[in-house]
Structure formats: C-alpha cells, structure tokens
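Order of listing sets the numbers, starting from 1, for every ligand and every atom in it.
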Amino acid sequence: MTKHIGILTSGGDSPGLNAAIRAVGKGAHKVFGTDIVGFYEGFRGLMSNRSIRLGMGQLSGILTRGGTILGTSRDKPHKMPVGGKLLDMTDSMVETYRKHQLDVLVCLGGGGTQKNAHLLAEKGLNIITLPKTIDNDVAGTDVTFGFDTALGIATEALDRLHSTAHSHHRIIVVEIMGHNTGWLALGAGLAGGADVILIPEIPYNVEKVAAAIRSRSRDGKRFSIVAVSEGAMPLDLAAKVQVLLEKKDQAKGKERRKIKNHLTELRSHRSEHTLRLTRRLERLTDLESRLTILGHLQRGGAPSAADRLLATRIGSACIDFIAEGRYGIMVGVQGQGTVAVPLEEIVGRRKTVPIDHPWIRSARQVGTAFGD
Ligand code: F6P
C-alpha cells in the first residue's frame with residue numbers, strides 16, 4: 001500500500017518539530033516505501049506550492065535540532081496576506097494538495113493550526129494534525145511537544161535568578177511565555193521554587209502579592225522570585241476581559257470581530273503589564289525590583305529528551321492512523337498511549353489550567369502565593 005504524505009509546520013516554532021517530521025518521514029519509508037513532501041513556512045508554502053521532497057538524507061541528523069527545517073509562519077489559509085490584502089487562499093491549497101496527489105496532509109501546530117487544518121478538512125482534504133506548542137494549551141491532549149523543553153529552560157532561569165536575587169535583597173519578576181494559559185509559568189514556578197506565581201487562570205490582586213513578599217521579608221527572607229505568566233492579569237483587567245468574552249459569545253459578524261479586536265488589544269500589552277507590576281511591587285514593598293523577560297529563549301535550542309520521545313511517539317502514531325485511513329483527526333496523547341481526536345471536538349477550545357490542578361494545590365502547600 002502506497003500513501004503520498006505532505007507535511008507542514010505552522011504557528012510559533014517549538015522544540016521537537018524536527019523530531020516529529022523525522023518520525024513521520026522515516027515511518028512513511030518503513031511502512032509505505034515513499035518519501036514525504038514538506039511544504040515551507042506553513043500554509044503559505046502550501047498555497048504557493050513551495051515544497052521539498054524529504055528523503056532519508058534530509059531526515060537524518062535532525063532529531064536533536066531546534067526550530068523546524070521547513071520554516072513556519074502564522075499565516076491562515078482563509079486570511080492570507082497577499083499583495084497587501086488578506087485573501088481566502090484555501091482553494092490554492094486544495095490545488096497544491098491535488099497536484100502532489102496527496103493522500104493526507106499532516107499539519108504540526110498549536111491551537112491556531114488545529115483551526116486552520118480543520119478548514120482544509122472541511123474542503124475535503126485528508127488531514128491529520130500533531131499537537132505542538134510550548135504553551136501546552138491544545139485541547140484533547142494531555143501534553144504537547146515543546147512544553148517540556150521550555151519548562152526546563154524557564155526552570156533553569158529561575159534557578160539562576162535565585163542566587164542573584166538573594167545576593168541583592170531584591171524582588172525579581174520573571175515573565176514566562178504561555179499565551180493565555182499558565183502551564184509554563186506554573187510548572188516552572190513550582191519546579192524552580194518561585195515565591196509567587198501569577199497565571200491567567202487566577203487573576204491577581206497586586207496588594208496581596210506585595211503582602212506575601214513583605215511577609216517573607218519579615219521572616220528574614222532576603223529576596224523574592226515572582227514567576228509571571230505573560231497572560232496573567234490583575235483583577236480589574238481580568239474582569240474587563242471576562243465581560244468582553246461573554247459579549248463575544250453572544251455577538252455575530254461585524255460586532256463579534258470588533259469585540260475580538262478589542263480583546264486582542266487588551267491582551268497585547270503583556271510585557272507592559274509585567275513592567276507595571278514590577279514597579280508597583282517596588283513601591284508597595286520598598287524592595288528594589290528587577291524584571292527579566294525570558295521571551296523566545298524558551299523556544300530556542302535542542303529539544304529535551306522527553307520532547308524527542310513525545311514527538312517521535314506522536315509521529316509514529318500518525319503513521320499508524322494513516323495506515324488505517326483515519327483522517328480529520330489530531331493525534332492526542334493520553335497517558336502512555338495516543339488517541340485519534342476528531343478535529344471538530346478541539347477547534348476553538350483551549351486547555352487552561354484547572355484551578356484545582358495538583359500543581360496549584362502543591363504550590364499552595366509549600367507556601368507559594370498566587371496573589372488571590
Ligand atoms: O504559542 C507559542 C508562543 O511562544 C507563546 O507562548 C507566545 O505568546 C507567542 O508564541 C509569541 O509569538 P511570536 O513568536 O509570534 O512572537
């Protein structure tokens with residue numbers, strides 16, 4: 001049985017993408033005896049048919065490499081920037097798929113990619129997605145590849161910041177990625193012993209954060225580390241966002257788009273919020289405060305061993321699903337196994353941190369404050 005497989009990587013890059021491409025490519029060789037076709041820069045390359053045949057030569061030596069050998073973009077099939085306009089280019093993508101006589105297109109990406117891939121599935125293409133993102137916020141899977149590597153990098157940063165914070169009797173605020181969820185800040189904060197962890201799922205009261213830090217000072221602790229998720233919000237901003245989210249659910253068409261833009265605007269000044277928080281903590285505690293934004297460091301470099309294993313496991317499960325002819329699905333992780341999750345079940349859903357999550361309970365038990 002021969003299968004013609006296309007593959008692309010879309011959205012922000014993530015450690016483990018090359019390991020997953022390798023697993024799909026080598027698996028295709030073993031099971032179907034064919035090379036796979038890679039499309040450059042996500043859906044943009046699919047639109048313009050910029051591709052490369054990924055034979056065994058191209059797949060060798062990439063397991064440990066960070067980034068993606070195919071390049072990536074955040075371009076969407078139905079809103080593709082072309083000649084200064086946003087155009088629906090899905091038909092050109094369908095054409096490329098047909099030109100290559102593909103049996104399936106494998107799309108590696110996060111939440112946005114699931115949505116975009118689903119659009120193509122609705123156009124009649126056979127699609128399988130693999131969940132990657134350092135944010136770990138894709139619904140329908142226990143975990144995404146990239147998360148473990150970023151978690152390790154952010155934890156190491158917190159370890160290193162401890163000694164300098166301690167030496168200067170300072171507050172160090174560390175901004176950690178994660179988009180609108182707190183998995184990365186919570187995990188790294190817990191593993192790196194942060195004194196305060198602020199995540200979007202638990203809106204914070206800055207006075208309470210300051211009180212927790214002052215109480216540490218009274219106990220003779222010379223420093224405090226505050227791990228802040230980039231999407232964390234003070235109570236007043238969180239209340240505004242909540243009202244808009246509810247309005248958005250009721251609204252349609254132009255009004256819905258207006259609310260969405262407003263929400264994006266409110267959420268787009270992430271680092272400004274973190275800087276404002278740092279300054280307010282300095283004023284409220286009389287302790288010198290410094291801000292460290294980890295930024296794209298968290299996505300760079302080689303994938304961890306756990307991410308190599310996960311990406312390889314998901315990639316080879318993808319080949320099994322292709323052999324079974326199961327399409328319109330994401331390869332989700334459930335414990336040690338993998339499951340086929342129908343795309344329509346996950347599109348538009350985000351996996352947030354449940355506020356009774358064991359990591360939150362453990363953090364509270366070891367005295368970590370959440371500013372609530
Ligand atoms: O989704 C991954 C992520 O790294 C988020 O944590 C972050 O908010 C975003 O991408 C940054 O996007 P960009 O690389 O486009 O600046």
The criterion is salt bridge (charged side-chain N to carboxylate O under 4.0 Å, His left out); which residues satisfy it with R290, sequence neighbours excluded? E288

Passes side chain to side chain contact (heavy atoms under 4.5 Å, CB included), F39 versus H100? Steps please. CA-CA 11 Å; F39 295 96; H100 286 271; 3.8 Å; yes

Checking heavy atoms under 4.0 Å, the part of I134 that sits near ligand 1 is side chain

Among non-hydrogen protein atoms, atom 3 (C) of ligand 1 lies closest to R299 NH1, 3.4 Å

Identity and separation of the nearest protein heavy atom to atom 9 (C) of ligand 1: R74 NH2, 3.7 Å

Provide, to 0.1 Å, the distance between atom 16 (O) of ligand 1 and the closest protein heavy atom, together with that atom's residue and name. H296 NE2, 3.2 Å

With heavy-atom distances below 4.0 Å as the criterion, list the atoms of ligand 1 near E230. 5 (C), 6 (O), 7 (C), 8 (O)

Using atom types as modelled and distance alone, determine if a side-chain donor or acceptor of K247 lies under 3.5 Å from a backbone N or O of R256. no

Examine distances only and state if a side-chain atom of N18 and a backbone atom of R65 form a donor-acceptor pair shorter than 3.5 Å. yes

Could you give me the CA-CA distance, side-chain angles and deciding distance for F223 and H162, then say whether ring-ring contact (aromatic ring centres under 6.0 Å, His included) is met? CA-CA 8 Å; F223 68 95; H162 259 93; 5.4 Å; yes

Would you find a donor on one side and an acceptor on the other, under 3.5 Å apart, between the side chain of R170 and the backbone of L287? no

Could you label the plane-to-plane angle of the W359 and F147 rings as parallel, tilted or perpendicular, counting under 30° as parallel and over 60° as perpendicular? parallel

Any non-hydrogen atom of G110 lying under 4.0 Å from ligand 1? no

Under 4.0 Å from any heavy atom of H179, which atoms of ligand 1 are there? 6 (O), 8 (O)

Write out the residue and atom name of the closest protein heavy atom to atom 2 (C) of ligand 1, then the distance separating them to 0.1 Å. D135 OD2, 3.3 Å

Looking only at heavy atoms, is any part of Q298 under 4.0 Å from ligand 1, and if so is it the side chain, the backbone, or both, or is it neither? neither

